[in-house]
Amino acid sequence: MKLALGQINTTVGDFSGNRKKMTAFAARAKSAGASLILFPELALCGYPPRDLVQKPDFLQRNCTELQRLAQDTIGIRVICGFVGATPPDSARTATNCAAMLEGCEVRFVQQKMLLPNYDVFDEARHFLPASSQQLMTLDSVTTALTICEDVWNDKEYWKKRYYSRDPVEELVQGGGRLLLNISASPYSLGKRIQRREMLQALAIKHRVPVALVNLVGGNDSLVFDGSSCVIDALGVVRAEAAAFEEDLVLFDLDTNTGDMHQAIPEGLGSVYHALILGTRDYVRKCGFSRVLIGLSGGIDSAITAALAVEALGAENVTGVAMPGPYNSPDSLEDAAVMAQRLGIKFLELPIASPFSAYLETLAPAFAGRAADVTEENLQSRIRGTMLMALSNKYQALVLSTGNKSEMAVGYATIYGDMCGGLAVLADIPKTMVYDLSRIANTRLKNAIPERVFTKAPSAELRPNQKDCDSLPAYEILDPVLKAYIEDFEGPATIAKDLNLPLELVRDISCRVDRNEYKRQQAAPGIRVTSKAFGVGRRFPIAQKYGAN
């Protein structure tokens, strides 16, 4: 039996588009001699559909389009994910299912058993879990068909397990000799290695080949890396798809051979590609083709512009410099040079005049009060207003440029530099921003001027301002933030582990806690770490708990 992995990029709710893409991939696989093609989890409707599964019409479209897909793919068996309906008296309206299509009909349906309800996942809210699963036969091979999380609960691989049952163990003990898994497993740094090692452990333990097809593409804040693969019963990778792009991979079960497509190594290079893919898909799937970036001459806006060019093309990116009374001439020069090197449109719109007008208007209300952060933030909010005006006029999406370090401690202005439709760097610590910018320069012929790397970070909202006036050095701040946000460690433990003063760590953790209200009003960000701000991190805004 020759099988194919159809690693595709789907759009949530685009039933006809997703179906047509699967039909085209199935035709290619058939022409290459495959008798079976696998498509990712919920490929028909897109993942994650979230509360769309509460809509009766959405459920009906799944069924209708599944039948159309069966009719469109005659001559090759197709396995794909779809949303099924539950009995009328069920506590949930929907099920997460995989269907095997053959001869214009739905021949087999498997319901997902393990429903993740942690981090970015909310499946227990939406779906009814399977109480049992069945085996199917493909060309005389007894086959275990599973859906994503169903393979993530092996008691020998995981020290702590979320579930009491192991669908893989049950299906293999029942006679399964081939394990198929359709997935929508999102990317984060290190996740691809972990996923591969986990699948290899399953293959070796149960002595069965494992084929996994994973979703690729960006949907809202999530990026799916693809990296589909086939692993033989000895744990050897025999077929592999590219990462961060659509791909079709063939594997011959009889000869134990398959396509090996070049993958991007784990590390910062994979983060860079994830940001490109996440930006491209968010912009286009939201109906935009062009973007705007406030180009300050600093490192954050520089890497944001570089990523936007890689994602959308230079012709679709506009950089906007908005110099104020405290911006250095070097910053404006660096912004202009970078725009020229990237080949993007460049606008210079000074804010001195509107800033003066605001101060004049507010003077009576501010009488008797000294200038402070209010006037600083006012400059940022003027810039945000101008970018949003250009967004309306140009029908272009604004990309905000704040990084994870700034967002964590509130070093960002709400309705100012936080304005935008997508926060590209929202999960990128400041120190990583510099590393990614070096990667950008190797790919884009040193588009970012060297001075941008060497000058001290500054918001330039008052004379001689530096980030270090208000924050610890980022080399100190970022490890503390990682330990507190991603690892959930307390200040005392962090201070001891990092050999830092306890009061400093407590101050940083307090800043994180009290700025929750800002982050929950921020634009969606692209998730690349194990714990990003957004749907995977849910803390109350109004609360008085303080970590010790």
Side-chain angles (χ1 to χ4, degrees), residues 7 9 119-120 184-197 214-227 241-245 262-283 291 293 298-312 399-408 422-444 447-448 452-453 474-475 477-479 481-483 485-487 522-537:
Q7 181 174 291
N9 186 340
D119 194 46
V120 299
S185 178
Y187 168 82
S188 60
L189 188 58
K191 179 73 169 290
R192 293 189 300 155
I193 293 175
Q194 180 189 51
R195 188 193 303 133
R196 181 67 54 82
E197 290 177 346
N214 191 34
L215 183 66
V216 70
N219 284 317
D220 291 350
S221 61
L222 300 182
V223 176
F224 300 87
D225 58 273
S227 307
F244 303 108
E245 61 183 80
Q262 187 174 6
I264 298 166
E266 192 58 85
L268 287 175
S270 69
V271 172
Y272 192 89
H273 281 84
L275 294 174
I276 292 173
L277 179 58
T279 300
R280 178 189 299 126
D281 277 357
Y282 186 90
V283 171
V291 296
I293 299 162
I299 195 72
D300 297 315
S301 64
I303 184 60
T304 303
L307 290 165
V309 167
E310 296 239 45
L312 304 165
L399 302 182
S400 62
T401 61
N403 60 66
K404 188 175 188 176
S405 306
E406 295 169 347
M407 292 298 298
L422 177 67
V424 177
L425 306 179
D427 200 28
I428 305 296
K430 183 75 169 189
T431 48
M432 189 185 291
V433 167
Y434 283 95
D435 295 334
L436 293 174
S437 297
R438 289 296 184 190
I439 293 176
N441 265 6
T442 63
R443 294 168 59 89
L444 298 172
I448 303 173
V452 177
F453 290 92
Y474 287 110
E475 291 77 10
L477 178 63
D478 284 354
L481 294 176
K482 181 184 184 303
I485 296 166
E486 298 179 32
D487 302 330
I526 300 172
R527 174 184 182 265
V528 297
T529 71
S530 61
K531 185 61 65 176
F533 297 126
V535 295
R537 185 181 184 276

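- Rounded to the nearest 0.5 angstrom, N214 CG and Y187 OH are separated by 13.0 Å.
- Counting all heavy atoms, side chain and backbone alike, L399 lies closest to A308 at CD1-CB, 3.9 Å.
- Residues forming a side chain to side chain donor-acceptor pair (under 3.5 Å) with R196 (at least two apart in sequence, or on another chain): E240.
- Side-chain contact between T529 and V271: absent, with no pair of heavy atoms (C-beta onward) separated by less than 4.5 Å.
- For the atom pair CG (L436) and CG (N441), the distance works out to 12.0 Å, reported to the nearest 0.5 Å.
- When all heavy atoms of P186 and D225 are compared, the closest pair comes out as C-OD1, 4.2 Å.
- Side-chain atoms of V223 and V528, non-hydrogen and from C-beta on, never get closer than 4.5 Å to each other.
- Between the side chain of Q7 and the backbone N or O of V216, no donor-acceptor pair lies under 3.5 Å.
- Scored by the salt bridge (Lys or Arg N to Asp or Glu O under 4.0 Å) test, K404 finds D427, E486 as partners (sequence neighbours excluded).
- With rounding to the nearest 0.5 angstrom, the CG atom of L222 is 12.0 Å from the CG atom of D281.
- Ring orientation note: the planes of F453 and Y434 are tilted relative to one another, at an angle of 30° to 60°.
- Put simply, the side chain of N9 does not reach to within 4.5 Å of the side chain of R280, judged on heavy atoms.
- Remark: D119 pairs with R527, K531 by the salt bridge (Lys or Arg N to Asp or Glu O under 4.0 Å) rule, at least two apart or across chains.
- Here T401 pairs with nothing under the side chain to side chain donor-acceptor pair (under 3.5 Å) rule; sequence neighbours left out.
- Taking the side chain as every heavy atom from C-beta outward, Y474 and V433 never approach each other to under 4.5 Å.
- From S405, atom OG reaches atom CG of L425 across 10.5 Å, with rounding to the nearest 0.5 Å.
- Taken to the nearest 0.5 Å, the CG atom of N403 stands 12.0 Å off from the CD1 atom of I303.
- At a threshold of 4.5 Å between non-hydrogen side-chain atoms, the residues V452 and I299 count as touching.
- Donor-acceptor pairing under 3.5 Å is recorded for the side chains of S185 and R195.
- The two residues I428 and V424 make their nearest non-hydrogen contact at CG1-O, 4.5 Å.
- Counting all heavy atoms, side chain and backbone alike, S530 lies closest to S188 at N-CB, 4.3 Å.
- Considering only residues two or more places apart in sequence or on other chains, F533 meets the ring pair (Phe, Tyr, Trp, His ring centres under 6.0 Å) condition with none of them.
- Note that the OH atom of Y272 and the CD atom of E310 stand 3.5 Å from one another [nearest 0.5 Å].
- Of all non-hydrogen atoms in A243 and S227, the two that sit nearest each other are CB-OG, 3.6 Å.
- In plain terms, the two heavy atoms of I485 and A408 that are nearest each other are CD1-CB, 3.8 Å.
- Looking at residues two or more places apart in sequence or on another chain, you find no side chain to side chain donor-acceptor pair (under 3.5 Å) involving S221.
- The side-chain heavy atoms of F244 and I264, taken from C-beta on, include a pair separated by under 4.5 Å.
- When L477, D435, D478 are each tested for a side-chain contact (heavy atoms from CB on, under 4.5 Å) with P429, only one passes: D478.
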